[in-house]
Amino acid sequence: MSIIIRCVDIEDTNQVKVEEFFLGFIKVDDTSATLNELNLNIDDIRGQGYDNGSNMKGKHQGVQRRLLDINPRAFYTPCGCHSLNLALCDMPKSCVKARNFFAYVQKVYTLFDGSTYRWGVLKTYVKGLTPKPLSVTRWESHVESVKAIQYQAPELRDALIEIANSSKEDIVMAEAKGLCKNALEDFEFLISLCIWYKILDKVNRVSKVLQQEEMNLEDAITRINELIVFFQKFREDGFENMMKEANELANDVGIDPTFPIKRVVLRKKHFDEDVEANVEDSQSPEDNFRVFYFLYIIDQALTSLKDRFEQFELYEEIFGFLFNAKFMSIGEEKLMEHCIRLQSYLEHNQQCDIHGKDLFNDLRALQTILPKEVTKSIDILDFIRSY
């Protein structure tokens, strides 16, 4: 594990700086002992963050818990980008259609990448984006793999047909024909391209913003909430828009924009038979796809985002009144409540970082002198030091 500490440097008289220092790599046996060896006081920690491995973030036995047992003021903050990545991973896990879709996306790449001849055929037909392999760890990067197929579906189909007709390898010929039939000539696959590109593109943009150096907790919360709103809106009216895009894509490829009709097997129904299964059988192919695929992955995304970022909401409740000069618009009574609550969260072993009433008086005084154009937390600190 690599250990990095972040601190607020106030030694410079001109400007307050938030700085990070890489301390080194360690074997993950006892992180607290490592910090002690470096003469770093664990009681000084006010935040801890890791990727979302259970041995690190575990609430009961992970490193997070062990540090909190020593110092409950070492608030755990999950890695925003990694949490976003895991939210994407959650979406297709128990949806067979989604898993099949990404299996075909990967197969398109591996078929062409399997020989220089097949890659040459690909380059003959595809002049723009080349197929990309799916990343096992970075799900948001799947957007490049999906984009290469969606934007060049007709060209990729022609390349597959060429390989199916010219390959001397029976297995390769069969795989090329299968990809044509089950992927690029299948309307379900085409609309899946449209749906997943829309989702992955949006998430990838948020992920890149979260990785910016100047990103702070308030902005991160705002971005995640915007993403949740996107999924909520996409759930309400997104399917109709995706159908329009998929129809155009189907016309470009040269297939009918219709869902395959599921073969209904006539059988005797038992009194205790699953009602949902009967509903699924009775729906039209389009409704079935919308309910058991489209709505399913969207609902999974919303549940996962809210669950994985619930810690952010807690910190907004504790510290949010200080973000970007929000305290400037808070009345006296409410401001006092926030200050007293913050004091309680920062108390440990009869020690406290702040006194709520003193903080209230300081913020009330600051309300009268802080210029309106000074809004960012780091800029407010600079102003206080220079005043």
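Hydrogens, waters and symmetry mates are skipped; everything else that's a heavy atom, side chains included, is used.
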Once rounded to the nearest 0.5 Å, what's the spacing between atom CG of L249 and atom CG of L184? 9.0 Å

Please walk me through it: do L160 and L111 pass side chain to side chain contact (heavy atoms under 4.5 Å, CB included)? CA-CA 9 Å; L160 287 172; L111 179 71; 3.3 Å; yes

Are L84 and V206 side-chain neighbours, meaning at least one heavy-atom pair lies under 4.5 Å? yes

Decide whether Y293 and S192 meet the rule of one side-chain donor and one side-chain acceptor closer than 3.5 Å. yes

H338 (side chain) donor-acceptor with F327 (main chain) under 3.5 angstrom: no

One thing to verify: whether D201 and R205 come together as a salt bridge, which I'm taking to mean a side-chain N less than 4.0 angstrom from a carboxylate O. yes

Can you check side chain to side chain contact (heavy atoms under 4.5 Å, CB included) on I199 and F231, steps first, answer last? CA-CA 8 Å; I199 292 172; F231 276 111; 3.8 Å; yes

On a heavy-atom basis, which atom in G356 and which in C339 lie closest, and how many Å separate them? O-CB, 3.3 Å

Pair E236 + K233, salt bridge at N-O below 4.0 Å: no

Are the charged groups of K132 and E144 less than 4.0 angstrom apart, N to O? no

Are F294 and F234 near enough that their ring centres are under 6.0 Å apart? yes

Short side-chain to backbone donor-acceptor contact, S167 and A164, under 3.5 Å: no

For F321 and I330 the tightest heavy-atom approach is CB-CD1, 3.7 Å

Donor + acceptor pair across side chains of E162, Y125 (<3.5 Å): yes

For F319 and F323, I'd like to know if the aromatic rings sit close, meaning centre-to-centre distance below 6.0 Å. no

Flag for D287-S284: side-chain donor and acceptor within less than 3.5 Å: yes

Under a 4.0 Å threshold between the charged nitrogen and the carboxylate oxygen, would R46 count as salt-bridged to D353? yes

Which word best sums up how the rings of F259 and F239 line up, parallel for under 30°, tilted for 30 to 60°, or perpendicular for over 60°? parallel

When the ring centroid of Y197 is compared with that of Y151, is the distance short of 6.0 Å? yes

Looking only at heavy atoms, what is the nearest atom pair of S145 and P133, with distance? OG-O, 3.2 Å

To check you understand the geometry: which heavy-atom pair defines the closest contact between L122 and A159, and what is its length? CA-CB, 4.4 Å

Any side-chain donor near an acceptor of the partner, E347 and Q351, under 3.5 Å: no

State whether a side-chain donor-acceptor pair under 3.5 Å links R364 with Q367. yes

Quick one: do M91 and W196 satisfy side chain to side chain contact (heavy atoms under 4.5 Å, CB included)? Show the steps, please. CA-CA 11 Å; M91 293 172 65; W196 279 106; 3.9 Å; yes

Kindly say whether the aromatic ring centers of F312 and F309 come within a distance under 6.0 Å. yes

Taking all heavy atoms of L302 and all of I228, pick out the closest pair and write down the distance. CD2-O, 3.6 Å

Just by distance, no angles: are the side chains of Q300 and D90 close enough, under 3.5 Å, to form a donor-acceptor pair? no

Step by step, would you call H355 with K357 a side chain to side chain contact (heavy atoms under 4.5 Å, CB included)? CA-CA 6 Å; H355 295 285; K357 292 182 179 179; 5.9 Å; no

Do the side chain of Q48 and the main chain of A74 share a donor and acceptor less than 3.5 angstrom apart? yes

In plain terms, say whether R235 and D299 are close enough for a salt bridge, that is, a side-chain N and a carboxylate O under 4.0 Å apart. yes

Tightest non-hydrogen contact, residues K326 and G320, listed as CD-O, 3.2 Å

Strictly distance-based, threshold 3.5 Å: is any side-chain N or O of N288 a donor or acceptor partner for the main-chain N or O of Q283? no

